[in-house]
Asks: 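Structure provided below as structure tokens; questions to follow.
Note that these values count all heavy atoms, side chains included, but never hydrogens, waters or copies made by symmetry.
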Amino acid sequence: MFAARASGLVKLLGLCLTAGVLLAAMVFPFVGGLGLASNRAADTVDQTSGDLAKGELPLVTTIQDMNGDPIAYLYDQYRIPLETKDIADTMKGAILAIEDKRFYDHQGVDWQGIARAAAKAGVDGGATQGASTLTQQYVKNYMAFVLGADNEQEAWEKATEATVGRKMREARVALQLEQQMTKDEILTGYLNIVPLGNQTYGVGAAAKAYFNTTADKLTVPQAALLAAIANRPSSLNPGASPDKALERRNIVIDKMRENGAFGSDETEAKKKADEFKAQPLGIVEDLQILPKGCVGAGDGPIYGFFCSYLLDYLRASGITNKQLQRGGLTIKTTMDPKATKAAKQSAEQQVPKTQNGIANVMSVVQPGTDKHRVRALVASRDYGNKAELGQVARPVPAEVLPFGPGSVNKIFTAAAAMKNGVTGIDRKIKVPKVYNSRVYPNGGEAWRVQNAADYPEEMTLTQALATSPNTGFVILQEQAGLNNVVDMAYKLGMRETLTGVNRGAEPLKSDGSNGPSQGDWTKQNNAGSYTLGPGATSVLELANVAATIVSSGTWCPPTPVEKVIDRYGKDVPLKEMPCEQAVEPDLANSLAQGMSHDTTGGGTAAGAATGSGWNRPAIGKTGTTEEHKSVAFLAATPQYAGAVMTYADGNNPQVICANPIRLCPGSSQGVFGGQVAAPTWFNAMKAIHEGLPMAPLPPAAARYK
């Protein structure tokens, strides 16, 4: 007996001492002459309470398509911020009843509560119930889930550690906060920040998640449940521990009755409380948690590639991960859902999503002289993390892939030759059946180049672009200069492809240890095969090349962003490359005319154009790599530009054959760009152009004919 009383007295003495220390701690920052340490403490209090007063909590970032419809959400904490008027009185009454019924009577620290807790501890060894006010809990939650959001578990442990120092800091900030905010503002702030389980923070998100309702419509049982699990979402999870959650909810309802929430008539109040307690938890079967990230996007399997590229682009443009995950940004993108779905359908029609070892990707860019807007990024494969279903979680239509575009690169040779006065679109070039190049030696011997079909000995550059003889373009590349051809490719749009990766399509390290870049390697090694397109390429950059050509030579970065708006409705600036006149308009317009016959007559893409019912003027160029492991098609109208690449994406790339599409190791009947890539482009673009007027290509300039 004596030992028990002695223990109680010790606890009482300890709590009284703690209360005294707290009182001194709460006073000392506001009295002068206590030295630098006191001033710093006061500054910290001012800063923290000031941040709390501003109420800048982690919010959800919303990504929208070009029409303003949401396509994805990013967040660390699912929160729907609310104003006081948006929260039901039932919710306010429930949280006050269970957490701080004297909230409107104290000034941030409840001295009666501290004294009561001390007395209880002295009498029966109980815990310090009532010693922490709602204001102090607001401070504690802020410390854990705002200041410490990068490591919530560690921050929560620090914010709740049982030390006098922590309690002193919390109390000081609470006192200061009550001088800066009204009681209703503090209560609303608390209800917006408190964790309520299942990734939800604040009653706005929890009301939606658990009951599929809004916080202003919460019933007594619903509000009581949220109040019950506040700050204890793990142990009182209504899904995992429904019995415990129900028991705690009913305690809250009883506390509400004691606080007079159900009227002054005790009999009637008890009757109402019993009715409320008899109701089930009432949570929805499928919690309404906001989908998160690119995989969880509304049409994630389709939209995920665009979303993934968007995030990479934003980070490169100066938006931090913290801003994306916590800033509550609204990101208005350029993504056209109509174009995206048409492209996806067409890509998958040519190559099924689960096709073994073969992928089909397409990028669509809208030309312009002020911006090149990315309208669609799709793949035959779905976007996602389930590799067994053929899914991939990389922005493959935009990244540099370790596969070549084949003869698409002949565009750059033609442009460089035109620029340097070697030829014009109506002038004839030599097309021998076999050509032995001594400009590009092969192991000390002449490099022997031959064509894949029979051609006349001479043809115009326009005819050559349409029918793609190898020998003619190797000769043109010799005449124009390989370095000039590579530089032309860069100017027209192959920028990351040439300067950002090495030959293996690996991004260059900052120290250059895995270099040189693909462009530098091509020049240094005098790689004459460049015009035949064996090297790594980006399908998005191919599409942007087409956009540059039909934009009269204006290059712009392919952007997925219209604007970024912060939580206050203000524009967030981006560090984007400016548009530039990559080549003179006459050259670009003449090149467009030179490329306008691939889709007609005997052009390599004519069959695909006819098969789709295509009847618009367009530029185009097919490409096939020597081993038929990848094929491509680049084309554009003045309204839309796009590129498609079909490639062997397995661990052991093999020859691809068509009709039906399949891997065919060792076959000599490999697929060509006009067979799979071109039909993908035409079928998609026919739907995308639906309803648009016919747009003619600009005329060629006399000096480039």
Asks: Is it true that a side-chain atom of D69 and a backbone atom of D65 form a donor plus acceptor pair closer than 3.5 Å?
Replies: no
Asks: Just by distance, no angles: are the side chains of E576 and T559 close enough, under 3.5 Å, to form a donor-acceptor pair?
Replies: yes
Asks: For the pair S596 (side chain) and Q593 (backbone), establish whether a donor and an acceptor sit closer than 3.5 Å, ignoring hydrogens and angles.
Replies: yes
Asks: Rounded to the nearest 0.5 Å, what's the gap from CD on Q518 to CG on L508? Could you check?
Replies: 10.0 Å
Asks: Under 30°, 30 to 60°, or over 60°: which ring-plane class applies to F682 and F633, parallel, tilted or perpendicular?
Replies: tilted
Asks: Between S552 and N589, which heavy-atom pair has the shortest distance, and what is it?
Replies: OG-OD1, 3.2 Å
Asks: Looking at K338, I want to see if its NZ is surrounded by more than 12 non-hydrogen atoms of other residues, nucleotides or ligands under 6.0 Å.
Replies: yes
Asks: Assess whether side-chain contact (heavy atoms from CB on, under 4.5 Å) is satisfied between I63 and L311, documenting all intermediate values.
Replies: CA-CA 10 Å; I63 299 174; L311 298 187; 4.2 Å; yes
Asks: Atom OH in Y303, atom CE in M335: separation rounded to 0.5 Å?
Replies: 4.0 Å
Asks: Going through the checks in order, is the side-chain contact (heavy atoms from CB on, under 4.5 Å) test met by K621 and S468?
Replies: CA-CA 8 Å; K621 185 71 192 78; S468 203; 2.9 Å; yes
Asks: Taking R567 for the side chain and L57 for the main chain, is one N or O donor matched with an acceptor at less than 3.5 Å?
Replies: yes
Asks: Which value, rounded to the nearest 0.5 Å, describes the distance between C307 atom SG and L377 atom CG?
Replies: 11.0 Å
Asks: If you measure from NZ on K344 to CZ on R381, what distance do you get to the nearest 0.5 Å?
Replies: 9.5 Å
Asks: Give a yes or no on whether the backbone of T497 and the side-chain of E541 come within a donor-acceptor separation of less than 3.5 Å.
Replies: yes
Asks: Is the shortest heavy-atom distance from the side chain of N615 to the side chain of M694 under 4.5 Å?
Replies: yes
Asks: Is the number of heavy atoms from other residues, nucleotides or ligands within 6.0 Å of CD (Q64) greater than 12?
Replies: yes
Asks: Is the number of heavy atoms from other residues, nucleotides or ligands under 6.0 Å of E285 CD greater than 12?
Replies: no
Asks: Any ion pair linking E562 and K371 (charged N to carboxylate O, less than 4.0 Å)?
Replies: yes
Asks: Minimum heavy-atom separation for S590 and I425, please, with both atom names.
Replies: O-CG2, 3.5 Å
Asks: Mind listing the closest non-hydrogen atom pair of L634 and A546 along with its distance?
Replies: CD2-CB, 3.7 Å
Asks: Judged by modelled atom types alone, do Q325 and N321 share a side-chain donor-acceptor pair under 3.5 Å?
Replies: no
Asks: Does the R326 side chain pair with the main chain of V146, one donor and one acceptor, at a distance under 3.5 Å?
Replies: yes
Asks: Distance only, no hydrogens: is a donor on one side chain within 3.5 Å (strictly under) of an acceptor on the other, for Y210 and N198?
Replies: yes
Asks: When you measure from the side chain of T625 to the backbone of S630, do you find a donor-acceptor pair of N or O atoms at a distance under 3.5 Å?
Replies: yes
Asks: Do Q391 side-chain atoms and N385 backbone N/O form a donor-acceptor pair below 3.5 Å?
Replies: yes
Asks: Does L59 reach the side chain of Y75, with side-chain heavy atoms less than 4.5 Å apart?
Replies: no
Asks: Does the side chain of T84 come under 3.5 Å of the side chain of T188 through a donor N or O and an acceptor N or O?
Replies: yes
Asks: Check the pair V60 / Y78 against side-chain contact (heavy atoms from CB on, under 4.5 Å), numbers first and verdict last.
Replies: CA-CA 6 Å; V60 174; Y78 175 30; 4.0 Å; yes
Asks: Show the numbers, then the answer: is there a side chain to side chain donor-acceptor pair (under 3.5 Å) between T604 and D598?
Replies: CA-CA 6 Å; T604 56; D598 194 27; 2.5 Å; yes
Asks: Quick one: do Q350 and T680 satisfy side chain to side chain donor-acceptor pair (under 3.5 Å)? Show the steps, please.
Replies: CA-CA 7 Å; Q350 294 296 319; T680 299; 4.9 Å; no
Asks: Measure from the side-chain N and O atoms of H597 to the backbone N and O of L465, and report whether any donor-acceptor pair falls under 3.5 Å.
Replies: no
Asks: Look at atom CG of N356 and say whether more than 12 heavy atoms of other residues, nucleotides or ligands are closer to it than 6.0 Å.
Replies: no
Asks: Before you tell me yes or no, could you show the steps for D216 and T214 under side chain to side chain donor-acceptor pair (under 3.5 Å), namely the whole-Å CA-CA distance, both residues' side-chain angles and the distance that decides it to 0.1 Å?
Replies: CA-CA 6 Å; D216 61 329; T214 53; 2.5 Å; yes
Asks: For residues V561 and T333, determine if any side-chain heavy atom of one lies less than 4.5 Å from a side-chain heavy atom of the other.
Replies: no
Asks: I'd like to know if the side chain of S551 and the backbone of G368 have a donor-acceptor N/O pair within less than 3.5 Å.
Replies: yes
Asks: Of S363, P395, C294, which meets side-chain contact (heavy atoms from CB on, under 4.5 Å) against Y309?
Replies: P395
Asks: Are F306 and Y383 close enough that their ring centers fall under 6.0 Å?
Replies: no
Asks: Considering non-hydrogen atoms only, spot the tightest contact between A592 and I619 and give its length.
Replies: O-CG2, 3.3 Å
Asks: What's the separation between atom CG in L82 and atom CD1 in I87, rounded to the nearest 0.5 Å?
Replies: 5.0 Å
Asks: Do S612 side-chain atoms and N683 backbone N/O form a donor-acceptor pair below 3.5 Å?
Replies: no
Asks: About how many Å separate CD of E496 and CG of N544, when rounded to the nearest 0.5 Å?
Replies: 13.0 Å
Asks: If I compare all heavy atoms of V396 with all of E399, which pair ends up nearest, and what's the gap?
Replies: CG1-OE2, 3.5 Å
Asks: Do you know which of R375, H372, Q366, M66 makes side-chain contact (heavy atoms from CB on, under 4.5 Å) with T334?
Replies: R375
Asks: Please state whether the rings of F672 and H628 are parallel, tilted or perpendicular, taking 30° and 60° as the class boundaries.
Replies: perpendicular
